[in-house]
Amino acid sequence: MTTAAEKERVGLAAAGLVEAGMTVGLGTGSTAAFFVAGVAARGVKARFVPTSEATAAMAREHGMEVIGLDVAARIHLTVDGVDEVDPALNAIKGGGGALMREKIVASLSDTVVYIGDSSKPVNRLGAFPLPVEVSPFAAPAILRRLSDMGAAPMLRHHDGRRFVSDEGHWIIDAAFGEIEDPGELDVMLNMIPGVVAHGLFVDIIDRMLIADSTGVRTLERPA
Ligand code: 5RP
């Protein structure tokens, strides 16, 4: 089974979690796109809070009702992809550059269900460079700081141009190698002035759906 087929399988499985009347956070990326398409195909009457302009455009194209945080008093369920997830359901996200809105929407959600193909589970986070979203003014200082912390940081570019997030920030991809203590790194990164968000999602995911060639398995966050 191809990776794309696994993404489709898990996206469609997660679409079944959406019920009429819910407000649902929509993730960003190729796996989340299958979820969005699956929800649209089911025609459930719900309202949706997208985590990026790209996902918002996709949802509108499907005729889904898109709302912002000014209207969404409560988000019942958010479904999103991951770049890596460990056995404690801590994750690295932000490969698509939407990490800040993704973390905000997740933090406002009653239930956070993330989805991935069979390449996403890892024993230790860190093979995937950690996206760190920064103020452009602070970027040079933060690049030095991340180097001092032992990472190999690089400003993200896309199509030969500097990548700018939907929030107008730059992204540094910081290769840390194996991250021994995601909780400690989470706190350290949050304390750096100019870091507006980072892609370590610690104690945020409630449930993870992973697809492989045999089906979809569910992992719950350990108590
Ligand atoms: C976007 C993300 C994505 O969810 C993550 O990069 C996974 O992407 P994909 O589903 O395309 O593999 O965090 O910021």
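In this text the structure is predicted, and so the values were computed from the model without any measurement. Counting starts at 1 for both ligands and their atoms, following the listed order.
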Side-chain donor-acceptor distances from residues 215-223 under 3.5 Å, at least two apart:
residue	atom	partner	partner atom	Å
Glu220	OE2	Arg207	NE	3.4
Arg221	NE	Ile205	O	2.7
Arg221	NH2	Asp206	OD1	3.4

**Message:** Counting neighbours of CE on Met154 that are heavy atoms of other residues, nucleotides or ligands and sit closer than 6.0 Å, is the number greater than 12?
**Reply:**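 At most 12 heavy atoms, drawn from other residues, nucleotides or ligands, come within 6.0 Å of this atom.
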**Other residues, nucleotides, ligands: >12 heavy atoms within 6.0 Å of Glu180 CD** = no
The reported gap from OH in Tyr114 to OG1 in Thr78 (rounded to nearest 0.5 angstrom) is 7.0 Å
Review item, side-chain donor-acceptor pairs of residues 120-138, under 3.5 Å, at least two apart:
residue	atom	partner	partner atom	Å
Lys120	NZ	Val82	O	2.7
Arg124	NH1	Glu178	OE1	3.3
Glu133	OE2	Ser165	OG	2.8
Glu133	OE2	His169	ND1	2.9
Ser135	OG	Phe137	N	3.3
Ser135	OG	Ala138	N	3.1

Contacts of Met58 meeting side-chain contact (heavy atoms from CB on, under 4.5 Å) (sequence neighbours excluded), chain-then-number -> Ala33, Val36, His62
So which residues, sorted by chain and number, lie with a heavy atom under 4.0 Å of ligand 1?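 Lys7, Thr28, Gly29, Ser30, Thr31, Asp80, Gly81, Val82, Asp83, Lys93, Gly94, Gly95, Gly96, Gly97, Ala98, Glu102, Lys120.
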